Amino acid sequence: MKPSHVEQGAPGVSGGTGKRRARITLVVGLLVVLCFAVLISVEGVHSATKDPSFCVSCHVMEPVYGTWSHSAHREVAGCNDCHTDNTNYFTKTYTKATAGLQHLYHNTFSDLPDRLRIHQANTALVQDNCIRCHEDVVRNLNMDPERRCFDCHRYTPHSNYR
Amino acid sequence: GSNVQQPVAFRADIAPGTLSAEEFGKFYPKQYDTYMKNAEMSNEGSKYGGSEEYDKLTQWPFLKEIFAGYGFAIEYNEDRGHVYTLEDVKKIKRINEKSISACWTCKSANVPGVVAEMGDAYYSTNFHELKDKMTEPITCANCHDPQTMKLVITQPPLRDALTRLGKNPDKLTTQELRTLVCAQCHVEYYFTDDKKIVTFPWDNGLTPEEILEYYEELGFVDWEHPVAKVGEIKAQHPEFETFASGSVHYEAGVSCADCHMPYTMVGGEKISSHWWTSPLKHMNESCMTCHREGEEWLKERVFYTQDKVADMMARVGTVNVEAIQAIAEADAAGANQEVLNEARKLQRKAQFLVDWVGAENSMGFHNPQLTFDTLNKSMDYAYQAIAKAQEARTGTAAPQWNVNIPKLNSEAVRLMQAPAEPAPVA
Amino acid sequence: GSNVQQPVAFRADIAPGTLSAEEFGKFYPKQYDTYMKNAEMSNEGSKYGGSEEYDKLTQWPFLKEIFAGYGFAIEYNEDRGHVYTLEDVKKIKRINEKSISACWTCKSANVPGVVAEMGDAYYSTNFHELKDKMTEPITCANCHDPQTMKLVITQPPLRDALTRLGKNPDKLTTQELRTLVCAQCHVEYYFTDDKKIVTFPWDNGLTPEEILEYYEELGFVDWEHPVAKVGEIKAQHPEFETFASGSVHYEAGVSCADCHMPYTMVGGEKISSHWWTSPLKHMNESCMTCHREGEEWLKERVFYTQDKVADMMARVGTVNVEAIQAIAEADAAGANQEVLNEARKLQRKAQFLVDWVGAENSMGFHNPQLTFDTLNKSMDYAYQAIAKAQEARTGTAAPQWNVNIPKLNSEAVRLMQAPAEPAPVA
Ligand SMILES: [Ca+2]
Ligand SMILES: [Ca+2]
C-alpha cells in the first residue's frame, strides 16, 4: 500500500560550474548587506518584509500574489502567516532570513524554475500554520502526519494560473 | 513531518467489546447522526447506483443468463445502507437451508467476536444456527477500537490476507486505514474448499487478470453452469481491488473515506461523515475541495465515463450470453468435445471478467482505464469461445494471426536498425 | 468580462501575402527561435510518438495487412516537425505519378494563395505540376494575419466545413482559434468523388461513429482491399475530432495550444512556444500550471492510459487481420456470397474504427474513454465479421441474443413497477 505518491515538485535549479565562483563572491556580498540590515534593526527588516506587497516586489511572485489576493485569506492571512515558522519570534526571524536569502539568490542569478513549487521541506511549516489558525475546526480529526491540508484544499489559497 | 500534533477534543473510554452503535452514539453524537442517514433510501443524483433496493437482474438481463444455476440468478439487488445488512442477508433468496455462516462475515459487528470464540469452525457452521448471535448490523465496532476510537482492522479475512502478504494489520498508517477499513468487506472473496474460510485471492496481485490467474492455478469453481456446462467463478464487489490497482485517485493518495466519508461542518467543527453512499449525492463535500470546476461539470465527467462503461458492459454481457448459447448449441449438435472444452475454458475467463465489472459498484468510475480494459478482454475471450464452439460443431477453425508487435517507438527503431533479426512470435 | 486590454508590446506591419517564416522572424525573433526547434528530431520522453522518422508499419505490423493494396502499406512514417512537410510529402512512396495536388493542402503556406488563384481546379491538378509553386513548408502565414498577427483560419477546407456547419470562420474567439488553427490540418478528411476537394466529414457530428455513419450514408470508398474484397475507408490524424468530442481537457476549456504551445519565459518575457511536438518533452511548461502533482507522477498517468490503449490496439488490430483472412478463406472455399457480403460490411466498419485510433497521434491520451470505446467497437465488428464469414463458409450461424437492457437505475425501477409491460427488443 502506498499512501501517497504526490510529490511536491522540487524546483530544478541548475547552475553552470563556470559561473559558480563569481556567484559565490556575489552571494557573500549579499550576505553582508543582509547582515547589515540585521545589525541596523531586525525590527526594521521585519516591518519591511511583513507586507505581501514586499513579496510581490519580485516578478516571479505575481501569480501566487494574484491568486492569494482573490482568496478568502486575503483579509486574514498574509504570506508570512503561512510561509514562516510562527512558533516564536526567533523561528520567524530565522525562517524569513534563510528563505529570503534563497529567493534573493535565485532571483539575482535568474536561474528560475519554470514553475514555482513549494519546497517539500517547507510544507510542514505551512501545515503548522493552517492548524495554528484552524485548530478549532479540525480539532476532532485525526489526520495522517504525512497528509497536508492542501492535499484536499488544492486551491487554498493559490488556485491555478495560466 | 509536521511536529504540531492536532489536539483531539474528546475521547470517551468506551468499554472493550462494546458493539452497539447507540452506545458509541452517546459519546459521538455528531458521527452517530450522520450514521443514521444510512437508513435513507433514494437514488437521487445517481444514474447507475443509488440506495433503493431495486432488482439488478431487471437492470442487466444478461446477468440472469450468466448466473444460471446459481443463487445470483434468483435474487440480486442493488446494495443499500450499512444499517440494512442483517435484514438483507436474512431475507435474500440466495440463502437456503444449507447456507453457511461465512455469509454473516461482512454483515455484522458480532462476527470478529464469534470467530475469536469458535475459530475457523465458524465459517462452515450452518447459517441459521448462528442467527441469534448476530444482533448488530455494521456498527462503529467494525472499524474503531472503542477505547481509543483509532481505526482498526477487525475482520479476520483481511487480517489474514494482509499477514499472508507480509503486512502487519496493526501497523498501518491512518491514510492506509482510511481505505483498508473498507477493504474489510468491499473486496472479491471466495470460500476455501475444505473449511469454507472467507479468503481474499490477492497472492498474485490485485488486478482482475491476476486474480483470474490465481483462480486458474487453484482450479477454483463456484458452481457448474447448467447450459454451458462450465465450472464458473463468481466475482463480488471488487471495489478495493479496482480502485487500488492503479486508478488515478489511488495513485494521487486519495482514500475511500475521502470521497465516501467527506469532512462535513457540523456546529463549526469538521467531522467525518458516516453516511456511506453514492458521493454523487454530496459532491460539494466529497469532490469540490480538490476539483475546482463546477459540481455539475464534474458530475457530467463522471457520467461521460459511466455511460460508456454501461454501454460497453451491455454489449459485452450480450456477447457472453451468446458464447454460452454457442457452446450449448454445439453440444446439442454433437460437437467435438475436446475442442468444445477449449471453448468452455475461454467462456469461464470471459464470464469472470464481465462479472467483475458488473459486480464492481461504481460503474467504472473507481478506475476507468482498468474497467474498459477488463470489458474488452472479456469480449475477446467470449468471441474466442464462440469461434471455438463453432469450430467444434463445424470442424472449420477461424484463422489465427500471430505476429510480434513492437508497440514502443524505441523497439520499432531498434528493429529498423537490425532488420535481419527474426521476429519472435507474440 | 474585463475591459482591460493587455498591452501589446510590438506589432510589425508585415505586408499581406508574406509567407516566409524568415520574414516574420525578423520582427518576432523569439517565436521564430522556438519555431526553428521543429527541426529537432528526437523521441526523448515519448513512448509511442516522438519526432524521429521511424516506420509505423514496423511498429504496428497489423497496419500493413489492413492497408493492403493502398499506399499506406508501402510507406507510412511517424510524423515529425512542421518544417519537414515539403520534404516528407515529396519523398513519401505513397505519392506516384498520378497523385493529385490535394496532397499539398496541409503541407505548405502557399496553398491558400494557390486555391484563391485556381479555385477548386487546384485539388485535382496533378501533384507534380504544382511542385514549383510550393516553396514554403508550414510557416507563420498558415495561422497568422501578417499585418495584425491575429490568428486566422487560412485553410479553405476548414473555412468550408465551418461555414457548412453555420459557423463564421472569421468570428471565432481566441480560445476557439487556439484549437481551430490546428484543426485546419489535424483532422480526418476525404476527397470528394468528382472534383477531389479536401472535405471534412463532420455533418453528423465529430465522433468516430458519427463520421463512420456519414461515410456509410455517402457510400464512400477510398480503395478496394484485395484480400477481403471490401471497399475500405482510410482514417487520417483525427486529433481534433477525438479531442473535441467530449474529452476531459476539451470540456475543461483547454486548447491544443495550451499543451502544444505553452507559454515559455524567454528573456523575462512570456511567449507562446512555437515548437509543436510531444508535450512529454516539456511537461513542466505544458501541464504543471494546471496540475499540482509532480511531473514524473503525471507522466506515469499518461503512460497508464497509453500502455492500456497500445495493448488493446495490438489485440484489436490482430483480430481485424483475422477478419480479413476469415473472409478470404471463406471466399476461397466457395462460401455463400450473400452472407459473405454481410461479413465484408462488418469488416469495413471494424477497420475504420481501429484505423481511427492508430491514425490518431496521442495513443489515446487526447480522449481515453472515447479511444477505449472505439477500439472495443472495432473488436466487436471484427469478430462479427469473422462469425459471418464462418457462417458463409459452413452454413452454421452463431447464436444471437437480443434483449432490451434498461441500464439506468430509473428505468429498472420503472420496469419493476410495471412488470406486465412487454419488454421491447434492443
Ligand atoms: Ca447502492
Ligand atoms: Ca511525431
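Just so we're on the same page: letters track the sequence lines, and every chain starts at 1. On a predicted model such as this, the values are computed, not experimentally measured, just so you know.
When heavy atoms are compared at a cutoff of 4.5 Å, B:A397 approaches chain C solely by way of its backbone atoms N, CA, C and O. With a threshold of 4.5 angstrom between heavy atoms, C:E52 approaches chain B through side-chain atoms but not through N, CA, C or O. No part of C:A387 comes within reach of chain B, as not one of its non-hydrogen atoms sits under 4.5 angstrom from that chain. With a threshold of 4.5 angstrom between heavy atoms, C:E411 does not approach chain B through any atom at all. With a 4.5 Å cut-off on non-hydrogen atoms, C:T318 touches chain B through its backbone and its side chain both. Looking at C:I386, the atoms closer than 4.5 Å to chain B (heavy atoms on both sides) all sit in the side chain, from C-beta outward. Only the side chain of B:E65 comes within less than 4.5 Å of a heavy atom of chain C; its backbone N, CA, C and O stay farther away. There is no contact between C:D307 and chain B, counting heavy-atom distances below 4.5 Å. Heavy atoms closer than 4.5 Å to chain C are found in both the backbone and the side chain of B:W401. The contact between B:Q325 and chain C is made by backbone and side chain atoms together, counting heavy-atom distances below 4.5 Å.
Per-residue heavy-atom pair counts under 4.5 Å with chain B were compared for C:G317, C:S410, C:S247, and the maximum is reached by C:S247. Looking only at heavy-atom pairs under 4.5 Å with chain C, the residue among B:K377, B:Q390, B:Q384, B:E329 that has the most is B:Q390. Ranked by heavy-atom pairs shorter than 4.5 Å toward chain C, the options B:D55, B:T305, B:V248, B:V413 are led by B:V248. For chain C, the option among B:T58, B:N43, B:D380 with the highest count of heavy-atom pairs below 4.5 Å is B:D380. The most heavy-atom pairs under 4.5 Å with chain B, out of C:D373, C:V316, C:L375, come from C:D373. When the candidates C:N376, C:T396, C:T394 are compared by the number of heavy-atom contacts under 4.5 Å with chain B, C:N376 comes out ahead. When each of C:P399, C:A412, C:A333 is scored by its heavy-atom pairs under 4.5 Å with chain B, the top score falls to C:P399. When B:P406, B:A328, B:G395, B:A314 are compared by the number of non-hydrogen pairs under 4.5 Å with chain C, B:P406 comes out ahead. For the set B:P61, B:A310, B:A326, the entry with the most heavy-atom pairs within less than 4.5 Å of chain C is B:P61.
Residues of residues 362-369 of chain B placed with any heavy atom under 4.5 Å of a heavy atom in chain C are listed by number as B:N367, B:Q369.
Enclosure of atom NZ in C:K56 by more than 12 non-hydrogen atoms of other residues, nucleotides or ligands within 6.0 angstrom is indicated. Around atom CD of B:E40, more than 12 heavy atoms belonging to other residues, nucleotides or ligands sit under 6.0 Å away.
Seen from the ring of C:Y304, C:K308 counts as a face-on cation partner, given the 6.0 Å and 45° thresholds. In this structure, C:K47 is positioned above the aromatic face of C:F303, its NZ or CZ under 6.0 Å from the six-membered ring centre and within 45° of the axis.
Judged by distance alone, with hydrogens and angles left aside, the side-chain atoms of C:N336 form a donor-acceptor pair with the main-chain N or O of C:V339 at under 3.5 Å. Proximity of a side-chain donor or acceptor of B:R393 to a complementary backbone N or O of B:D331 within less than 3.5 Å is not detected. Proximity of a side-chain donor or acceptor of B:K281 to a complementary backbone N or O of B:S42 within less than 3.5 Å is detected. With hydrogens and angles disregarded, a donor-acceptor distance shorter than 3.5 Å links the side chain of B:H225 to the backbone of B:V227. A donor-acceptor distance shorter than 3.5 angstrom exists from the side chain of C:S378 to the backbone of C:A350, with no hydrogens or angles considered.
Here the rule is side chain to side chain donor-acceptor pair (under 3.5 Å) with C:W356, and of C:T242, C:T374, C:T207, C:T371 only C:T242 fits it. Partner of C:V354 under the side chain to side chain contact (heavy atoms under 4.5 Å, CB included) criterion, out of C:V321, C:V319, C:I66, C:L63: C:I66 alone. Results of the side chain to side chain donor-acceptor pair (under 3.5 Å) test with C:Q347 over C:R344, C:K349, C:Q351 single out C:Q351 as the only residue that passes.
Here the shortest heavy-atom pairing between C:G50 and C:E78 reads O-OE2, 3.0 Å. Nearest heavy atoms, B:A343 versus B:K388: CB-CB, 3.6 Å.
Look at B:E296 and B:K299 and you find no salt bridge, because none of the NZ, NE, NH1 or NH2 atoms lies under 4.0 Å from a carboxylate O.
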